[in-house]
Amino acid sequence: MSALSDAIARSFATGEPARAALSPLRALGRRQLSGVEVLAQSVATTAPAVSMVVLPVTMFTHQMLLSGLITIVVATVVVSLIAVCVSQFTRRMAAAGGLYSFVFQGLGTRAALTAGVAMLTKYVGSAVMTLYHGGQAVIATLGFFGVELRGPTERLLVYAGIAIVILGCLVRGVRFAALAILAVESCSLLFIAGLMIVTGAGGQHATVPPSDSAYGPLLMTLAAVFALAGFESATFFGPEAKRPLATVTRTVMLTPMICGGLFIFSAWAAWSGRADTLVNAYLHGTATGVDPAVVIALNLGLGTSWLASAMASSNAASRLLYSMGIERVVPRLFARVHRSHRTPYAALAVIVCAVCAGAATFSIVGKSTGFSHVQLIARTAVVAAYVLVAVASVRFLSRIGEHTPLVLAAGVAGSAAGGIVLAYMLFVNVAHGFSMVPAVVLALLLSGSAWQLYLRWRHPASLRSMGVFDTAETDDVLPGAGVYATDAAGNLALTAAGRTPGSR
């Protein structure tokens with residue numbers, strides 16, 4: 001207590017600096033999200049209600065019941081190891097750039113820009129797919145009530161209307177969006193889990209056309225990993241959380257466990273025959289004798305889960321663009337924040353419009369081959385980002401001298417598992433003459449270098465301002481408890497005595 005007493009006494013004798021130290025991310029509105037609201041954002045991004053149906057369908061398609069269950073368990077463990085790596089950053093900083101900012105702390109500018117491209121690709125691609133499916137569920141539900149929407153104009157209006165609602169919720173405020181996401185996803189999860197429990201085994205036999213692919217294990221692995229992907233979206237809301245270092249870390253660690261547990265339950269339901277009615281309702285509607293009320297409820301549950309995921313993915317992508325806008329890595333336009341709602345409205349508008357355009361296009365022209373390409377691109381990008389952040393965590397802790405055997409093991413295991421998956425994807429695609437995955441991997445590898453060269457040529461100052469995170473403000477500490485110094489971007493910041501802000 002003597003040290004605290006001395007600090008309090010010293011605070012009365014120390015004057016305030018002429019210019020206050022302010023967080024570069026204060027415009028978003030600091031310390032407003034509770035732990036439950038942060039968890040809602042993270043869980044909704046993974047769309048657990050949807051994955052609880054899609055994963056059993058994948059297991060039936062590739063005839064991998066027991067092995068599919070084991071694959072989901074292994075995927076949960078691997079993603080949890082990645083979560084351990086991410087938590088090493090969230091325990092020490094809150095950054096609106098999420099993994100992009102974390103990779104910068106461990107691997108520098110080029111790798112951070114690569115991670116930024118990968119995360120934007122993942123979130124936008126995921127939002128396009130989930131918004132498309134959500135819109136199709138809305139159209140199908142309206143069809144049950146006699147409202148047929150067959151023309152392209154009518155479908156376009158449906159997607160435009162959904163996009164306006166999503167944008168309105170996201171601009172209205174981060175708390176409003178989080179609560180809406182939580183309510184929607186909770187209802188969907190309760191319905192899906194309840195239907196699996198109530199229908200039991202022996203009611204119907206799942207009618208799923210088998211796949212002739214020889215790479216069922218790879219596709220099952222990608223489906224499981226991508227179902228768990230999105231747990232890291234909570235990191236983009238660190239500056240807006242009430243207790244960011246504790247809340248975001250807890251969310252990052254809990255989300256893979258919660259969603260993994262739900263997916264293991266759904267895989268067990270498929271293996272034991274309890275998911276057959278659900279799968280038939282999802283694939284065939286009422287054609288196999290499923291009660292129309294069940295089909296309508298399933299469409300509503302899945303549709304709302306898809307739309308909640310699209311909303312959450314767009315929300316996370318907007319924070320990433322906002323952080324890049326603050327750093328001037330992208331145009332400053334993306335750093336604009338709504339004056340009263342404290343949300344990055346410009347970034348949200350661009351993201352939601354792009355997502356709506358992609359989803360509406362697939363609705364009009366059909367899924368065809370392009371949809372599978374978007375899915376493959378998003379999956380490749382997220383695996384690459386996870387490998388980067390796993391390696392960055394090891395480098396980061398080594399640099400600051402806080403290395404532990406657990407983090408080293410998690411980083412090595414996580415990056416090795418991600419590298420193996422990427423290598424296997426490359427092998428399969430090259431062996432069959434497909435160029436999509438090699439092209440995506442090459443584009444990601446080159447994106448960081450190309451972007452860095454462009455910034456060095458046109459905006460060299462932005463390279464010195466990267467890695468922005470929420471810093472303590474003058475009002476957060478007792479006077480005299482910190483030393484004020486100018487950081488690399490020219491802002492006044494609090495720092496420990498004898499150190500320069502942002503020094504590495």
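Positions are given from 1, in the same order as the sequence printed here.
Within a 6.0 Å sphere centred on CZ of Arg155, heavy atoms belonging to other residues, nucleotides or ligands number more than 12.
A 4.5 Å side-chain heavy-atom check between Val330 and Trp451 finds at least one atom pair inside the cut-off. Side-chain contact between Ile82 and Phe231 is present, with heavy atoms from C-beta onward closer than 4.5 Å. Residues Val248 and Phe237 are not in side-chain contact: their nearest non-hydrogen atoms beyond the backbone lie 4.5 Å or more apart. Residues Met64 and Trp271 form no side-chain contact, since every pair of their non-hydrogen atoms from C-beta on lies 4.5 Å or further apart. Side-chain contact between Cys259 and Ser51 is absent, with no heavy-atom pair separated by less than 4.5 Å. Residues Met425 and Leu222 form a side-chain contact, since some pair of their non-hydrogen atoms from C-beta on lies under 4.5 Å apart. The side-chain heavy atoms of Thr114 and Leu445, taken from C-beta on, include no pair separated by under 4.5 Å.
Taking the six-membered ring for Trp and the full ring otherwise, the centers of Tyr345 and Phe334 sit at least 6.0 Å from each other. In this structure, His133 has its ring center closer than 6.0 angstrom to the ring center of Phe371. The six-membered or imidazole ring of Phe236 lies near that of Tyr123, with a centre-to-centre distance under 6.0 Å.
With rounding to the nearest 0.5 Å, the separation of CE in Met129 from CZ in Phe362 is 9.0 Å. In this structure, OG in Ser266 is found 5.0 Å from CE in Met52, a value given to the nearest 0.5 Å. The CD1 atom of Ile70 lies 11.0 Å from the CG atom of Leu65; values are rounded to the nearest 0.5 Å. Expressed to the nearest 0.5 Å, how far CG of Asn315 lies from SG of Cys169 amounts to 10.5 Å. Distance check, rounded to the nearest 0.5 Å: CE of Met466 to OG1 of Thr109 gives 5.0 Å. Distance check, rounded to the nearest 0.5 Å: CG of Asp276 to CZ of Arg274 gives 11.0 Å.
Glu240 has a carboxylate O that lies under 4.0 Å from a charged side-chain N of Arg319, or vice versa, which qualifies the two as a salt bridge.
Side chain to side chain, Ser188 and Thr304 meet the donor-acceptor criterion of an N or O pair below 3.5 Å. Neither side chain, Thr251 nor Ser42, offers a donor N or O lying under 3.5 Å from an acceptor on the other.
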ask   = For Thr45 and Ser233, what are the C-alpha separation, side-chain angles and deciding distance, and is it a side chain to side chain donor-acceptor pair (under 3.5 Å)?
value = CA-CA 7 Å; Thr45 309; Ser233 69; 2.9 Å; yes

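Distance alone, capped at 3.5 Å, is enough to place a donor-acceptor pair between the Glu327 side chain and the Gly467 backbone.
Among residue pairs with one or both ends in residues 351-367, those qualifying as side chain to side chain donor-acceptor pair (under 3.5 Å) are Gln136-Ser363; sequence neighbours excluded.
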